[in-house]
S.K.: 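One structure, pasted below without further comment.
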There are 2 protein chains.
Amino acid sequence: MKIVQSIERAFGILHELSKNSAGISELSRTTGLPTSTVARLLYSLEKTEAVEREGGKSVYRIGPSIVTMASSVNPTQRLLTAAQPHLRGLVEVLGEAAGLGIPAGYDVHYIGEIDSPHPIQIRDWTGTSLPMHIVPSGIIFLAHWPEEAVEAFLRHPLDRFTPKTVISPSEIRHRIVEAREKGHVWLFEEFSEGINSVAAPIFNHAGAVVGTLHSHGPSFRFPAESMEDVIANRVMQTASAISETLGHTQ
Amino acid sequence: MKIVQSIERAFGILHELSKNSAGISELSRTTGLPTSTVARLLYSLEKTEAVEREGGKSVYRIGPSIVTMASSVNPTQRLLTAAQPHLRGLVEVLGEAAGLGIPAGYDVHYIGEIDSPHPIQIRDWTGTSLPMHIVPSGIIFLAHWPEEAVEAFLRHPLDRFTPKTVISPSEIRHRIVEAREKGHVWLFEEFSEGINSVAAPIFNHAGAVVGTLHSHGPSFRFPAESMEDVIANRVMQTASAISETLGHTQ
DNA sequence: GTTGACTTCCCGTATAGTGGGAAATAGAGT
DNA sequence: ACTCTATTTCCCACTATACGGGAAGTCAAC
């Protein structure tokens, strides 16, 4: 099918405006469209309140209807939506699956994932929940809880999932401290034998952790020899980029 | 000038989608457009990431580019932008000016206002700041501060602006309590003789007060005889509507 | 398998968008 | 105040572009 030209162009303009407010001729330059075309499109966008004028002058910026539409997206969907392109980028770079988790009581709930391109890959956990102490995302969440909440968590029974699962409160406390320092957590085969995983926090504008970004793969190839830190940095970097995207928003 | 049809229609679709995600035929029904047209527009919107498909199926919802564009709007502008239509509505109903304030230290900073249609009207305070204790918006902000912050505020010197200005800490404390109970504050000629004003809080998703909505007018006609409560309710209602619009957003 | 609801695709038509250029307006410099 | 330039607004003839009816394809339920 063929894309509707005026819509493509209109969104091109909106995209420019989301970087900087601008006038007609400036937009004409950046988009390469004739001024008359830009003027007409802006007029239409203004009528639909997708853009508004700055102080009555002919300097345009993103308008109310865009804000309203975006606010109709619920927080989880919003996180997913904002993260989507970053997830794709991460999977491309690492070659392993990347996903998002949100806290749900004492569990991490997985809300989305992009699978690795490898033929051998880990099942998609989207829609399921796992206890916080066995997955790196969980440790990340715990690391941003108040001490007393963490203590309450540690008092409740912690199941062992594999021989390597750490369930000792003192060891978990230690991991939490480390998570705060490093900004990421690696766990090796603690949830399931043969799976390694790394996670980093995603923050909202207020600095609260609203979700986690993780990447995981089969332990025989992930992480590759002495690549742990490189991978972790990449994951943290992507997580910040996602935070940034959610970012400025109220 | 004539509005570009496809843009108008595209935003009609986006508007529908911001209420509910939907498929092609449903949108065709709600917008009154032929399915082929809806399909083509959606295809274009999808390519620009203004919409995305829910789970790969052909159920569409608001997409990443809308969220990204909205997040590029800074919080103050965002508040203004989101509030604009509500402000207009309020001015229409009350016939008096309505405006927005944000906290700035111990002052309220006015970021926007729509003037009353009356020939006799109050000057536009946009861009200026006033001490919290003399304007109702200020009392609203104080009412949502922690006790100790309020006490610190009350310890700093409070200027008198008119004979009616209340500067006694105990009276201000009392007003703060009342503000919390009622959700609004009326002040009569405390900032300037001949001006009465009422304000209510605007909250973000997390329940924090990010701004205030106020309405003010000359004391000889505002508030009209025994209309105080009606007006206050209207202002509170509008403030909630604005909170709602900012609302769900992260 | 059959039915019905929905989506995708095709293609002829003409409407609706386009862009060049002129006119009007705003802004900067002297 | 006046000129010169940059920018926006308006007009209009042209045809590229969006349109929508309808057919074909897909999917799900029964």
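Every chain is numbered from 1 and lettered A, B, ... according to where its sequence line falls, protein lines coming before strand lines.
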S.K.: Within the structure provided, determine whether A:Arg40 and B:Lys2 are in side-chain contact (heavy-atom separation under 4.5 Å).
M.R.: no
S.K.: Measuring from the side chain of A:Thr37 (C-beta onward, heavy atoms only), which nucleotide among C:dT8, D:dT9, C:dT18 has the closest atom?
M.R.: C:dT18
S.K.: Rounded to the nearest angstrom, tell me the gap between atom CG in A:Leu27 and atom P in D:dT7.
M.R.: 12 Å
S.K.: May I ask you to verify if any side-chain N or O of A:Thr35 is less than 4.0 angstrom from the OP1 or OP2 atom of D:dT8?
M.R.: no
S.K.: Look at the side chain of B:Arg40 against the base of D:dG20 and say whether a donor-acceptor pair falls under 3.5 Å; ignore hydrogens and angles.
M.R.: yes
S.K.: Nearest whole Å is fine: how far is C:dT18 P from A:Ile7 CD1?
M.R.: 11 Å
S.K.: Quick one: on DNA chain D, does B:Ser6 or A:Glu26 contact a more 5' nucleotide (nearest heavy atom)?
M.R.: A:Glu26
S.K.: Between atom CD1 of A:Ile111 and atom CG of A:Leu100, what is the distance when rounded to the nearest 0.5 Å?
M.R.: 5.0 Å
S.K.: Using the side-chain heavy atoms of A:Leu41, tell me which of these nucleotides is nearest: D:dC10, C:dT18, C:dG17.
M.R.: C:dT18
S.K.: Please give, in whole Å, the distance from C:dT7 P to B:Glu54 CD?
M.R.: 13 Å
S.K.: Rounding to an integer number of Å, can you tell me how far B:Leu33 CG sits from C:dC6 P?
M.R.: 17 Å
S.K.: Of the options C:dT7, C:dG20, C:dT18, whose atoms approach the side-chain atoms of B:Ser58 most closely?
M.R.: C:dT7
S.K.: If I take atom CG in residue B:Leu42 and atom C1' in nucleotide C:dC6, what distance separates them, rounded to the nearest angstrom?
M.R.: 13 Å
S.K.: Send over the distance from A:Lys2 NZ to C:dC10 C1', rounded to a whole Å.
M.R.: 14 Å
S.K.: How close or far is atom C1' of D:dC19 from atom CD of B:Glu8, stated in whole angstroms?
M.R.: 15 Å
S.K.: In whole angstrom, what separates A:Leu45's CG from C:dG17's P?
M.R.: 13 Å
S.K.: For DNA chain C, whose closest nucleotide is more 5', that of B:Ser36 or that of B:Arg29?
M.R.: B:Arg29
S.K.: Under a 4.5 Å cut-off applied to non-hydrogen side-chain atoms, are A:Arg234 and A:Leu94 in contact?
M.R.: yes
S.K.: What nucleotide among D:dT8, D:dC19, C:dT8 has an atom nearest to a side-chain atom of B:Gln5?
M.R.: D:dC19
S.K.: What nucleotide among C:dT7, D:dG20, D:dT7 has an atom nearest to a side-chain atom of A:Ser25?
M.R.: D:dT7
S.K.: Indicate the atoms forming the closest heavy-atom contact of A:Gln121 with A:Arg221, along with that distance.
M.R.: CA-NH2, 4.5 Å
S.K.: Select one nucleotide: of C:dG17, C:dG19, C:dC6, the one nearest the side-chain heavy atoms of A:Arg9.
M.R.: C:dG19
S.K.: Determine whether the aromatic ring centres of A:His133 and A:Tyr106 lie less than 6.0 Å apart.
M.R.: no
